[in-house]
Number of protein chains: 2
Amino acid sequence: MPAKRSLSKQKTSLTMAITPPAEPTTKGERTRAVLLDAAKRLFVSQGFHGTSMRAIADEAGLALGGIYNHFGSKEDIFVAILAERHPFLIVLPAIQSAQGATVEVLVRDAAGRMIAELSQNQEFLNLLLIELVEFEAKHIPMMFDTLFPPLMEFAQRFQAVHGPLREIPLPIILRSFIGLFFSYFITDLLIGNLLPAEMKSGAFDYFIDIYLHGILAGE
Amino acid sequence: MPAKRSLSKQKTSLTMAITPPAEPTTKGERTRAVLLDAAKRLFVSQGFHGTSMRAIADEAGLALGGIYNHFGSKEDIFVAILAERHPFLIVLPAIQSAQGATVEVLVRDAAGRMIAELSQNQEFLNLLLIELVEFEAKHIPMMFDTLFPPLMEFAQRFQAVHGPLREIPLPIILRSFIGLFFSYFITDLLIGNLLPAEMKSGAFDYFIDIYLHGILAGE
DNA sequence: CCTACCGATCGGTAGG
DNA sequence: CCTACCGATCGGTAGG
């Protein structure tokens, strides 16, 4: 009778770190990191249900069974990606390092930093869309608790710096600031390469401009 | 040896009608409509790859093989939904019927009509997100040709009515107007039920307000 | 439109 | 006793 092996089905921590994961040191940590990166690439380009465990194993360069030494299931892999590779890990440092003595300068600086980071990481949007479409946002609450405080802290700086805001609740100002990026990137995906450059070049600057001043000329 | 059945793999028209599909009359048309509605419900809640042909058959109340009398593949069903049930069929009439003698009134009227329609049809966003995530937006070009002209026509009305716009290219104004809805609905999905009502109630009115006037108080 | 299947592939686990 | 896998196969399901 064979002895039962103890499979270390490591549960991904459900509290999220704001700092990126530490550099993997042991062989196991390195393999785990390779798996997460491989799965992330495939999920981003094919979706969650469109990606097989075999495809992840191939992309990571190991056998299918080897995955289960690191993750208990395919969903566990996705959750780990959200927790350890999610786009907000990139966005938060960018937003927190923003500088500006007025609201306008602060917003432009924060938005510029975020766009610079996010444009290099196009997968940020897809991971979130997969979460919304294929998981009905069920993992969002676990992310929310750690993301909300620093975001609100940023929003507070809107009020602290010089420059009057119109009478809009601060949470709405923050929400619409974040929404700006969805607005920009999703319409960018929709128009794709179909449009003349005039509708794309410098578009984000105009988006920020509208966020700050609106489309109407002052009377 | 069974005789080979002639499968009527009806191709969905690749040009899109702006008018909704005609009321189904024949038995076959009714079954087809039932299949599209069933598949749409499942796609919206589980994604494309997360929905099986058997599930669609069950939801529609027929056998698996029966689906293929109406559609050649699962993807064909999705394409037919995009072409005949897609959200823009709802949005375009709303936008075209908008009234207003000034830009501000026109924008508020159009946005109000769109939100009213879209809030009743929460699936509108998910269908588009599925297209973006699971199909990498490959069906968008077929939709674009028919959607772009009426949208630009609407944008032209921005200029025709009284009320000066800031110096922003018209395509950008249109794009950011459309983006407003992604901004609103996606942030709504993200915050879910986690937030106090204060951040949600009347939020869209504020979004429109920011679109028109920006967050900064005039100096 | 159904029953009965196919080639293949699915997510996950067996013993070693 | 642990880790990090392997080749092979489990029970079921995929699109057609």
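Throughout, protein chains are lettered first and strands after them, A, B, ... in sequence-line order, and every chain is numbered starting at 1.
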Fill in: Between C:dC1 (P) and B:Asp58 (CG): distance, integer Å
15 Å
Worksheet item: So, do B:Phe182 and A:Tyr184 have ring centers that fall under 6.0 Å from each other?
Response: no
Worksheet item: Whole Å only: how far is the CZ atom of A:Arg32 from the P atom of D:dT3?
Response: 14 Å
Fill in: Under 3.5 Å donor-acceptor, A:Ser176 side chain and A:Gly179 backbone
no
Practice prompt. Would you classify A:Ile67 as touching base, sugar-phosphate or nothing, given that sugar-phosphate means primed atoms plus P, OP1 and OP2, and contacts are heavy atoms under 4.0 Å?
Written response: nothing
Worksheet item: Picking from C:dA4, D:dC6, D:dA4, which would you name as closest to the side chain of A:Leu62?
Response: D:dC6
Worksheet item: For C:dC1, does OP1 or OP2 lie under 4.0 Å from any side-chain N or O of B:Thr31?
Response: yes
Worksheet item: Rounding to a whole Å, what distance do you find between B:Glu29:CD and C:dC1:P?
Response: 12 Å
Item to complete: For A:Gly65 and for B:Phe48, locate the closest nucleotide of DNA chain D by heavy-atom distance; then report the residue assigned to the nucleotide nearer the 5' terminus.
Response: A:Gly65
Item to complete: Measure from the side-chain N and O atoms of A:Glu131 to the backbone N and O of A:His139, and report whether any donor-acceptor pair falls under 3.5 Å.
Response: yes
Worksheet item: If only side-chain N and O atoms of A:Ser52 are considered, is one of them under 4.0 Å from the OP1 or OP2 phosphate oxygen of C:dC10?
Response: yes
Worksheet item: How long is the line joining CG of A:Leu64 and C1' of C:dC10, in whole Å?
Response: 10 Å
Worksheet item: On a whole-Å scale, what distance lies between the P atoms belonging to C:dA4 and D:dG16?
Response: 22 Å
Worksheet item: Between B:Arg108 and B:Asp205, is there a salt bridge with N-O shorter than 4.0 Å?
Response: no
Response to the item:
In whole angstroms, the gap separating C1' of D:dT13 from NE2 of A:His49 amounts to 13 Å
Worksheet entry | Nearest listed nucleotide, side chain of A:His70, among D:dC5, C:dC2, C:dC1 | D:dC5
Worksheet item: Given C:dC2, D:dA4, C:dG12, which nucleotide is nearest the side-chain atoms of A:Met53?
Response: C:dG12
Worksheet entry | Residues A:Asp37 and A:Arg41 bridged, charged N to O under 4.0 Å | no
Worksheet entry | Nucleotide C:dC10, atom P - distance to CD of A:Gln46 in whole Å | 10 Å
Worksheet item: Side chain of B:Arg54, base of D:dG15: donor and acceptor closer than 3.5 Å?
Response: yes
Item to complete: Round to the nearest Å and state the distance from A:Tyr68 atom OH to C:dG16 atom P.
Response: 21 Å
Practice prompt. Measure the distance from CG on A:Leu35 to C1' on D:dA4 and round it to the nearest whole Å.
Written response: 11 Å
Discussion item. Taking the P atom in each of C:dG12 and D:dA8, what is the distance between them to the nearest angstrom?
Written reply: 22 Å
Worksheet item: What nucleotide, of D:dC5, C:dC1, D:dG16, holds the atom closest to the side chain of B:Ser73?
Response: D:dG16
